[in-house]
Amino acid sequence: MTNPHAHANPNPSVDPGRRLAEALHAQAVSSASAPAGHPLAHTAPRRSPEPRADAALRRQIMWALVIALLAGLVLGAGIGLVSLLFPGVLPTVG
């Protein structure tokens, strides 16, 4: 059988919470004393994502659809106002 005290604290007089607090304090002090702008872990610089080749085309299509929608709204509202304000001006359909 395994020893039930295998993972016990080797120094029972030191509280595990106190050890954790000391370790966190030491880490905070060491990171505070590091020069600004120099991260502790050296990482490769990130490259900005390159824009997709069809992004400009998609933007142009989106603007064309928005303009077409607005033109349709203006035309529909205009025809509706003419038919309400001036009955008989527009030809009947059907």
For residues S83 and G80, report the shortest heavy-atom separation together with the two atoms involved.
OG-O, 2.9 Å

Linking I/L/V/M/F/W/Y whenever their side-chain heavy atoms sit closer than 4.5 Å, directly or via other members, would V74 and V82 fall into one cluster?
no

Mind checking whether L73 and V66 sit in one hydrophobic cluster, side chains of I, L, V, M, F, W, Y counted as touching below 4.5 Å?
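Linked within one cluster.
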
Within this structure, what is the CZ-CG distance for the pair R59 and D54, rounded to the nearest 0.5 Å?
10.5 Å

Considering only heavy atoms from C-beta outward, does the side chain of L65 approach that of I61 to under 4.5 Å?
yes

